[in-house]
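Taking it in order: structure first as structure tokens, then the write-up.
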Amino acid sequence: MADEMGNIDTAIQASQKTVVSREKEIGEDAERPKGPVGLDIGTSHIVMAQNKGKNIHTVKQLNAFFTIPYSKFTKKILLENEVTFFEKNEMFYILGYSAENFANMFNTNTRRTMEKGLLCSREDEGINVLQAIIHTLIKKPKNPGEVICFSMPGNPIDSRNSVVYHESIIKMFLASLGYNPMSINEGLATVMAELAEDNFTGIGISMGGGMCNVCLAYLSVPVITYSIEKGGDYIDQMVGVSVGEPATKIKTTKENSFKLSKAPKNRIETALHIYYDDLIHSLLHSLQDVLHSSDKIPKIAKPVPIVLAGGTVLPSGFKEYFENALKNFNLPVDISEVRVADDPLNTTAKGAMVMALSEEI
Ligand SMILES: Nc1ncnc2c1ncn2[C@@H]1O[C@H](COP(=O)(O)OP(=O)(O)OP(=O)(O)O)[C@@H](O)[C@H]1O
Ligand SMILES: [Mg+2]
């Protein structure tokens with residue numbers, strides 16, 4: 001029991017550390033972690049987190065691939081250029097950031113292993129590729145049986161998709177590498193990473209590429225969790241369709257220069273505003289509906305914070321936009337404030353790692 005409490009203290013301390021993040025370099029070897037690991041398996045990125053000294057360190061890989069036909073010659077060139085790939089069925093599967101370079105050269109899109117937060121059913125090799133991409137970040141742990149905590153979406157309320165299959169596939173793979181795998185809901189991971197000072201009580205929302213994940217937690221216990229299948233990818237697609245441009249071009253504009261704090265200057269920006277609005281309203285509508293129809297709402301004496309994370313919250317002015325929209329909804333719990341996470345692209349991995357630390361044996 002004493003040890004267990006020690007672990008929890010270590011985990012709480014870790015949740016207050018700063019994240020030092022970087023991208024996986026092309027050609028760089030995967031790590032053999034020592035100590036518990038947090039893993040965010042997201043539609044756009046996979047992020048691995050470890051607790052090292054004064055900081056949390058995260059490494060990010062693109063969750064994407066690109067296939068090219070097999071040839072001996074190409075293989076030699078790929079190897080010489082340290083491109084990450086594997087061979088199957090007379091094809092090379094180029095993985096992660098390497099795939100992005102290829103797709104740009106061919107002026108097309110990378111393929112994805114996941115869609116809307118879950119394994120993509122349209123890709124035959126999706127599972128193998130996802131495993132290979134995870135393997136570019138982590139190899140076997142130094143100590144067998146190391147705890148690894150990976151993020152899982154909540155069940156989507158707007159479709160019949162279930163998370164059971166996805167979760168089992170990932171668990172089996174991580175166990176086969178020698179880890180002791182456990183999962184954490186992505187919304188709860190947001191709470192674990194950001195709400196230590198609020199006794200892990202509040203609403204964590206992770207707005208990613210494929211979906212938005214929501215968790216209302218009371219003293220670190222997930223009371224309500226769910227997801228909606230709309231996120232950054234939805235914005236890119238819908239804006240693209242509206243203005244007649246490819247979604248990838250919209251994504252680049254959105255990530256590089258778009259601000260919600262400024263009035264739109266052109267058609268793309270106008271459409272981005274419209275679909276950001278649409279996403280935030282869908283999310284808040286779902287939150288209002290889910291909370292009102294639940295009989296599990298705790299009677300919390302104090303108002304609770306909402307904390308927002310995930311790449312979709314990054315444009316400047318997002319918080320104010322969200323706060324304004326929130327005024328039009330009526331939630332059965334009082335909200336003290338809206339906060340944006342410290343480092344929205346690394347919040348889930350950090351929260352998963354905090355959970356892994358607390359479960360260490
Ligand atoms: N600077 C930015 N401004 C706006 N959007 C951004 C920015 N950077 C990334 N994004 C968007 O954030 C999304 C990716 O976020 P994130 O990495 O949190 O998702 P994920 O965890 O991979 O996906 P999910 O949780 O939905 O499975 C993409 O839609 C991307 O376009
Ligand atoms: Mg995510």
Side-chain angles (χ1 to χ4, degrees), residues 19 21 23 38-49 58-64 96-97 100 109-110 112-120 130 133-134 137 150-154 156 161 163 166-167 170 183-190 193 204-215 225-240 246-262 268-269 272-273 275-276 279-280 283 308-319 321 340-352:
V19 174
S21 63
E23 284 181 4
L39 196 63
D40 170 10
I41 304 178
T43 310
S44 332
H45 294 103
I46 299 183
V47 189
M48 191 242 321
T58 69
V59 188
K60 183 162 77 167
Q61 176 65 285
L62 195 68
N63 190 0
Y97 288 109
E100 197 169 50
N109 296 325
T110 53
R112 301 269 195 92
T113 67
M114 283 166 55
E115 187 177 43
K116 297 177 177 168
L118 298 170
L119 267 163
C120 179
L130 178 62
I133 294 174
I134 295 174
L137 290 172
F150 63 96
S151 64
M152 278 294 304
N161 255 339
V163 302
H166 178 88
E167 179 171 17
I170 308 248
S183 64
I184 182 171
N185 169 272
E186 177 151 354
L188 181 61
T190 308
I205 305 181
S206 176
M207 303 180 70
M211 46 178 18
C212 292
N213 266 283
V214 182
C215 172
T225 58
Y226 74 91
S227 68
I228 60 168
E229 291 188 334
K230 268 186 180 180
D233 295 341
Y234 168 81
I235 294 179
D236 304 342
Q237 273 152 25
M238 296 312 291
V239 171
T248 38
K249 179 171 171 196
I250 305 297
K251 184 168 185 277
T252 310
T253 310
K254 180 188 76 177
E255 293 180 1
N256 295 339
S257 57
F258 178 65
K259 291 187 168 66
L260 282 162
S261 50
K262 285 221 171 105
I268 294 186
E269 289 184 8
L272 279 168
H273 268 269
Y275 280 101
Y276 254 100
L279 176 62
I280 293 173
L283 175 66
L308 304 167
T312 297
V313 311
L314 285 173
S316 81
F318 184 88
K319 181 168 108 84
Y321 224 74
V340 169
D342 252 357
D343 187 350
L345 290 170
N346 292 294
T347 311
T348 306
K350 178 182 179 184

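Quick note: numbers below take in every heavy atom, side chains included, and nothing from hydrogens, waters or symmetry partners. Source: prediction; values computed, not measured. Just so you know, ligand 1 is whichever comes first in the structure, and atom 1 is the first atom listed for that ligand.
The two residues Pro315 and Tyr276 come nearest to each other via the heavy atoms CG-OH, 3.3 Å. Contact between Gly154 and Ser227 at its shortest, heavy atoms only, is O-OG, 2.8 Å. Taking every heavy atom of both residues into account, Asp343 and Ser21 meet most closely at OD2-OG, 4.1 Å. Leu137 and Lys60 get closest at one heavy-atom pair: CD2-C, 4.4 Å.
Contact annotation: the side chain of Cys215 never approaches that of Thr190 to less than 4.5 Å [non-hydrogen atoms, C-beta and beyond]. Side-chain atoms of Ile280 and Phe318, non-hydrogen and from C-beta on, do get closer than 4.5 Å to each other. Counting heavy atoms from C-beta outward, Glu186 and Met211 have side chains that stay 4.5 Å or more apart. Counting heavy atoms from C-beta on, the side chains of His273 and Phe258 come closer than 4.5 Å. Residues Ile46 and Ile134 are in side-chain contact: their nearest non-hydrogen atoms beyond the backbone lie under 4.5 Å apart. Contact of the Glu167 side chain with the Phe150 side chain is registered, since non-hydrogen atoms from C-beta on lie closer than 4.5 Å.
Atom numbering of ligand 1 starts at 1 in the shown order; those under 4.0 Å from a heavy atom of Gly310 are 18 (O). Heavy-atom contacts of Gly232 reach the following atoms of ligand 1: 29 (O) (cutoff under 4.0 Å). Short contacts between ligand 1 and Leu345, defined as distances under 4.0 Å to a heavy atom of the residue, involve ligand atoms 17 (O). Of all atoms in ligand 1, listed by their number and element, those nearer than 4.0 Å to a heavy atom of Lys251 are 31 (O). Close approach of ligand 1 to Leu314 is summarised as follows: ligand atoms under 4.0 Å from at least one heavy atom of the residue are 1 (N), 2 (C), 3 (N), 7 (C), 8 (N). Atoms of ligand 1 lying under 4.0 Å from at least one heavy atom of His45, given by number and element, are 17 (O), 22 (O). Residue Gly210 approaches ligand 1 through these ligand atoms, each under 4.0 Å from one of its heavy atoms: 23 (O), 24 (P), 26 (O).
Of all protein heavy atoms, the one closest to atom 19 (O) of ligand 1 is Gly209 N, 3.1 Å. Scanning the protein heavy atoms around atom 27 (O) of ligand 1, the nearest turns out to be Thr43 OG1, 2.6 Å. Annotation: atom 16 (P) of ligand 1 to nearest protein heavy atom, Gly311 N, 3.7 Å. With hydrogens left out, the protein atom closest to atom 21 (O) of ligand 1 is Gly42 CA, 3.6 Å, a heavy atom. Looking only at protein heavy atoms, the nearest one to atom 14 (C) of ligand 1 is Ser44 OG, 3.4 Å.
No heavy atom of Gly231 sits closer than 4.0 Å to any atom of ligand 1. Not a single heavy atom of Lys116 sits under 4.0 Å from any atom of ligand 1.
Judged by distance alone, with hydrogens and angles left aside, the side-chain atoms of Asn109 form no donor-acceptor pair with the main-chain N or O of Thr248 at under 3.5 Å. Looking at Thr58, its side chain never comes within 3.5 Å of a backbone N or O of Ala49 through a donor-acceptor pair.
The option from Glu255, Glu186, Met152 that lies nearest to atom 3 (N) of ligand 1, judged by heavy atoms, is Glu255.
Closer than 2.8 Å to the Mg ion (ligand 2) sit the protein N, O or S atoms Glu186 OE2.
Contact check on Asp233 versus Arg112 returns a salt bridge, with a Lys/Arg side-chain nitrogen under 4.0 Å from an Asp/Glu carboxylate oxygen.
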